Novice: 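Quick one: structure below, then a few questions.
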Amino acid sequence: KEDDFHWDDYLKETGSISAPLECFRQSKIPPTNDFKVGMKLEAHDPRSITSVCIATVVGITGARLRLRLDGSDNRNDFWRLVDSPDIRPVGTCEKKGDLLQPPLGYQMNVSSWPMFLLRTLTGSEMAPASYFKAEPPKPALNNFKVGMKLEAIDRKNPYLICPATISNVKGDDVYVTFDGWSGAFDYWCKYDCRDIFPVGWCHLTGDVLQPPGNQTPIIKNTVKAQTCSSKANRRSMQTAQKTAVAVTAQQTRKSGRSKASVLTS
Ligand code: MLY
């Protein structure tokens, strides 16, 4: 398709550089997503972070899971990376001597919770411990610079990952703005936030990268500096991509199926 979005062209067109991999708290090669729809796990309730609940995988998208808390409604789905510390295998809570909690907005009477829990877990498929990946280490410093491009989760539409720009840097915080959109979706976050990814991330995970919006014109960056770091960055991205392609091919051969990249429900 003619209007397909390609980072290479877009970086040239905008005269910009992508933020180097080292800036992000993400693994250099995205973690493999082995989860299947229907599997259960333990997750922190996003609306009540001290609670650990049972969640069901209701969709797979790139290196992320679409999750729904058992006993909650279908309007509060949330997305987590397979290497998020917010998720873990069923049984982790019990091992620690903690109790699984009903989600905020549990639809039935609380007194029914123990029985509900028993029923929801009985005969269900639990995600194996090996599917949960370790969270990558936090980069020591905030290395983001204004103007660098990246891929970022639209927090108002968290299933979307979009082309974005670092538009401000203050201490450990960065301001993420969405290319082609007029500001309503922009946000401040920590440099080690898990919602931001290097250029090429979606391509590697098989996720869908949204094209830039068309509310604002493409901004041409006229600053000539940093062309060599741009080259170095492109090279490291290509290396990572080659490695990931090799890894994926290997896994496909082993398991006889291609990597999960389908968006369900
Ligand atoms: N249709 C919605 C979605 C906007 C998404 C913007 N993101 C990609 C930055 C709206 O226009 O509000």
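Just so you know, ligand 1 is whichever comes first in the structure, and atom 1 is the first atom listed for that ligand. Remember, predicted model here, so these are calculated numbers, not experimental data.
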Novice: Give me the nearest non-hydrogen protein atom to atom 8 (C) of ligand 1 as residue plus atom name, then the distance to 0.1 Å.
Specialist: Cys162 SG, 3.4 Å
Novice: What residue and atom, counting heavy atoms only, is the protein's closest point to atom 12 (O) of ligand 1, and at what distance?
Specialist: Phe185 CZ, 3.8 Å
Novice: Does anything in residues 98-108 pair up under side-chain hydrogen bond (donor to acceptor under 3.5 Å, both in side chains), and if so which pairs, sequence neighbours excluded?
Specialist: Tyr106-Ser112
Novice: Would you mind checking which non-hydrogen protein atom is closest to atom 3 (C) of ligand 1, with the distance to 0.1 Å?
Specialist: Asn157 ND2, 4.0 Å
Novice: Looking only at protein heavy atoms, which one is nearest to atom 9 (C) of ligand 1, and how far off is it?
Specialist: Asp154 OD2, 3.5 Å
Novice: What is the nearest protein non-hydrogen atom to atom 11 (O) of ligand 1, stated with its residue, atom name and distance?
Specialist: Trp181 CZ3, 4.0 Å
Novice: Do Thr56 and Asp70 have side-chain atoms, one donor and one acceptor, less than 3.5 Å apart?
Specialist: yes
Novice: Between the side chains of Lys149 and Ser18, does any donor sit under 3.5 Å from an acceptor?
Specialist: no
Novice: Where does the angle between the aromatic ring planes of Trp113 and Phe116 fall among parallel (under 30°), tilted (30 to 60°) and perpendicular (over 60°)?
Specialist: parallel
Novice: Is there a protein heavy atom less than 4.0 Å away from atom 1 (N) of ligand 1?
Specialist: no
Novice: Among Arg66, Arg64, Arg47, which residue meets the salt bridge (charged side-chain N to carboxylate O under 4.0 Å, His left out) test with Asp77?
Specialist: Arg66
